[in-house]
Number of protein chains: 2
Amino acid sequence: MPQGDSRQNPRQNPRRATIHDVARKAGVSTATVSKVMRGIATVKPANADRVREAVAALDYRIDPLASGLRGENRRIIGAIVPDLESPFFGALVTGLERAAEESGYHMIVASSRESEAREADLVARMNDWRVSGTILVPVRSERGPGARQLKALGMQAVLVDRVSPDDRYDTVTADNYAASAAVADLLIGAGHRHILLHGATRNSEAMRMRIGGFEARAHALDPTVRIDTRVTDDTREVQRQAISAYFDTHTGAARPSAVYSLSQHATLLVLCELRRRAVAIPDEIALVGFDDADWMQTTWPTITAVAQPVATMAKAAVAVLLARVERRSTSFPVSRLEPCRMILRESASAHHALSRRARRGG
Amino acid sequence: MPQGDSRQNPRQNPRRATIHDVARKAGVSTATVSKVMRGIATVKPANADRVREAVAALDYRIDPLASGLRGENRRIIGAIVPDLESPFFGALVTGLERAAEESGYHMIVASSRESEAREADLVARMNDWRVSGTILVPVRSERGPGARQLKALGMQAVLVDRVSPDDRYDTVTADNYAASAAVADLLIGAGHRHILLHGATRNSEAMRMRIGGFEARAHALDPTVRIDTRVTDDTREVQRQAISAYFDTHTGAARPSAVYSLSQHATLLVLCELRRRAVAIPDEIALVGFDDADWMQTTWPTITAVAQPVATMAKAAVAVLLARVERRSTSFPVSRLEPCRMILRESASAHHALSRRARRGG
DNA sequence: TACAAAAAGTAAATCGTTTTATCCAGATCG
DNA sequence: CGATCTGGATAAAACGATTTACTTTTTGTA
């Protein structure tokens, strides 16, 4: 056991400078140092300079823990997402982190791993940290245990992505409904009258919106349109079999002329299945996917997809939250619906569909 | 001043119970409450019970901020990854989070967004929090600014994934070298003598290992083997053109009989290119990818890939770190090399290659 | 029964900040 | 000239825990 020499212990850092060290070196009180650090103006320029010198000389940095302890606002925001392995939430968290930093906040991220029980627990944990506010992407919807816990603990929060506008919470979501309607516009407008709607879990609010938006617009445009909705909540392998079975039983004239797949994974599934059956895309069948991915511009054909405005959502979520936290806004909850973008690629486009219809007619 | 003052501010939660409230209610001192909370035995069962009752009655929970302030060990570990949008790091972080929680630690995650400057900054930030230890996945290698900063600040840390074993740091990585050697075994053993090695950036330590391991073993097995290495650091579109150009100039007998792609994205790129050219996999060309992904078991054909032991790595990283932090281990740095698993699927297998060779011979 | 040792309990110091209440020296004013 | 402000500065009180250094009780032993 090395003992005695405590200053330049090779393993341990020489005790970090505290605000007291700075104050002593600059010949002022800690209160003054604190003011300088936080940019408060009522300090004589000469003193401020000496403080800044001392800070530089000692490599002083504020300890966010100690700093947060006293004040009402600890300048931490919590973020809870259902899953960190999906690129979408990864990108969302990256955006949140960036936005939080820009406003001088720290962020604590946690993954609920698609468990509602864990979600509620994490909310409580965020409350333990006395976070200034929380950004919650609920596992299912704004009616889950996480959201209830937020209310129960009287926390400030913004609900993101898997929610529908609600009059009890601030919410930020992609406009799933409108985006799906736009897909309907594209496909119906291109002459498709038999469409497969294919997706994963029906559980989440977002998924309901995607389905609802498409069906409503499609039927509005042409009440006779045929929509086959195949949504399963099952394991990967079951999903694969399901889609395969569908195309087994829907051949020839019974085969839809377009597919709208409701998630990245569903899109890949459909793509592979059609490839295996050597169905030509987009000539024999058109494909549009919800949620864009890198690989969709690499495949052959490249895939038309709805891109979610993830960066915008992140920025908006932080903005809405901080508006409440800092400006003590107490007005009605706001619901932001960020528009999606449709990225037209080879697998489905207005142009191509028209020529297809023309061919049919001729 | 806060006497019987328990006003229930409607907007703000009724002031949270502190350890003092619990102590008063249970008729003991705060020190005793603290002992009970942290499971220290020297407390009379009767008292312990009354404390627990009070805790339950008041919904008391420890404030991790205040709790960490005093002690040497704040029970926080920091994690810095180059990127949160890739499923691999997402999974890694999820694993780290789980392991940290199991040991009663909080975790703070941050993304360096592939920037070495930011990496060093984040390390300093972690030090501000006085984390117990840091898990760093460097942008490039163990020789980057992040690692240097760790040393400069005298922090405890484990370097993960993009590093090679080093005598200054604890490290945990997938055994890229051995895994690539195993791929060489598979492909050379199956009779392939002309192989394309295709990948993204050559920057990271991991990538160098993947290339080195393959080339060394392949040449050891058969010095005459021809390996075309095509590694580019460019944009997506350039990469696509590069791979396309390669196959334009390597047709017929000049076309390799197998491809080993060094990243998920590279694998997808190759797959699409071969599809477009209607080259049959695995009959005309075999394909093995480094880094497994969900979609590889969904495509047609399914793809043989090297799966990284991400869960194991996460667990190991936390274990190694906590061994140093808690047991004050001061022994030599440990270097853990976690073995990868090869998942044989349709795109390349020993069985298939054999029959292929037989066909050739016949 | 008496006394030392061990166990249990506590007051107070501490961690590194922020915030509050106070103070002080000049400036302004009547 | 005395009273009132006022811009700057500060000592000291939080913040909510942990930990230290004692004190008090209980237990064990002679």
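A note on names: the letters A, B, ... follow the listed sequences, proteins ahead of strands, and every chain is numbered from 1. The basis for the numbers below is simple: all heavy atoms, side chains too, and nothing from hydrogens, waters or symmetry mates.
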Compute whether any side-chain donor of one residue and acceptor of the other, for [X] and [Y], lie under 3.5 angstrom apart.
X      : Y      : result
B:N73  : B:S132 : yes
A:S29  : A:T32  : yes
A:Y105 : A:E97  : no

Salt bridge (charged side-chain N to carboxylate O under 4.0 Å, His left out) partners of [X], counting only residues at least two apart:
X      : answer
B:R98  : none
A:E114 : A:R162
B:R336 : B:E338
B:R125 : A:E101, B:D121

Grab the [atom1]-[atom2] distance between [X] and [N] for me, whole Å please.
X     : N      : atom1 : atom2 : answer
B:R75 : D:dA17 : CZ    : P     : 16 Å
B:L65 : D:dA14 : CG    : C1'   : 15 Å
B:D21 : D:dG16 : CG    : P     : 9 Å
A:R16 : C:dT17 : CZ    : C1'   : 13 Å
B:I40 : D:dT18 : CD1   : P     : 9 Å
A:I19 : D:dA11 : CD1   : C1'   : 14 Å
B:N73 : D:dT18 : CG    : C1'   : 12 Å
B:L69 : D:dA14 : CG    : P     : 17 Å

Quiz prompt | Degree of bending, the helix from C:dT1-D:dA30 to C:dG30-D:dC1 (end axes from five pairs; round to 10°) | solution = 50°

Compare side-chain N and O positions of [X] against OP1 and OP2 of [N] and report whether any pair is under 4.0 Å apart.
X     : N      : value
A:S34 : C:dT17 : no
B:T32 : C:dG9  : no
B:R74 : D:dT18 : no
A:S67 : C:dG16 : no

Practice problem: Step by step, work out the side-chain contact (heavy atoms from CB on, under 4.5 Å) result for B:T134 and B:L150. | Solution: CA-CA 9 Å; B:T134 302; B:L150 285 170; 4.2 Å; yes

Quiz item: Taking the six-membered ring of B:Y60, is NZ or CZ of B:K25 closer than 6.0 Å to its centre and within 45° of its axis?
Solution: no

N/O donor-acceptor pairs under 3.5 Å from side chains in residues 76-86 of chain A, not counting sequence neighbours:
from, atom 1, to, atom 2, distance (Å)
A:D83, OD1, A:E85, N, 2.5
A:D83, OD1, A:S86, N, 3.3
A:S86, OG, A:F89, N, 3.3

For residues 38-54 of chain A, which side-chain donor-acceptor pairs fall under 3.5 Å, sequence neighbours excluded?
from, atom 1, to, atom 2, distance (Å)
A:D49, OD1, A:R52, NH2, 3.3
A:R50, NH2, A:A26, O, 2.8

Practice problem: Find which nucleotide of DNA chain C each of B:K35 and A:M37 is nearest to by heavy atoms, and output the residue with the more 5' nucleotide. | Solution: B:K35

Nucleotide N/O of nucleotides 22-24 of chain C paired with protein N/O under 3.5 Å:
none

Practice problem: To the nearest 0.5 angstrom, please state how far the CG atom of A:D128 sits from the CG atom of A:L122. | Solution: 11.0 Å

Quiz item: Do any of residues 42-64 of chain A sit with a heavy atom less than 4.0 Å from DNA chain C, and if so which?
Solution: A:Y60, A:R61, A:D63

Between protein and nucleotides 11-14 of chain C, what N or O pairs are separated by less than 3.5 Å?
from, atom 1, to, atom 2, distance (Å)
C:dT14, O2, B:R70, NH1, 3.4

Quiz item: Among all residues two or more places apart in sequence or in another chain, which pass the side chain to side chain donor-acceptor pair (under 3.5 Å) test with A:D170?
Solution: A:R324

Quiz item: Of all residues at least two apart in sequence or in a different chain, which pass the side chain to side chain donor-acceptor pair (under 3.5 Å) check with A:T171?
Solution: A:S335

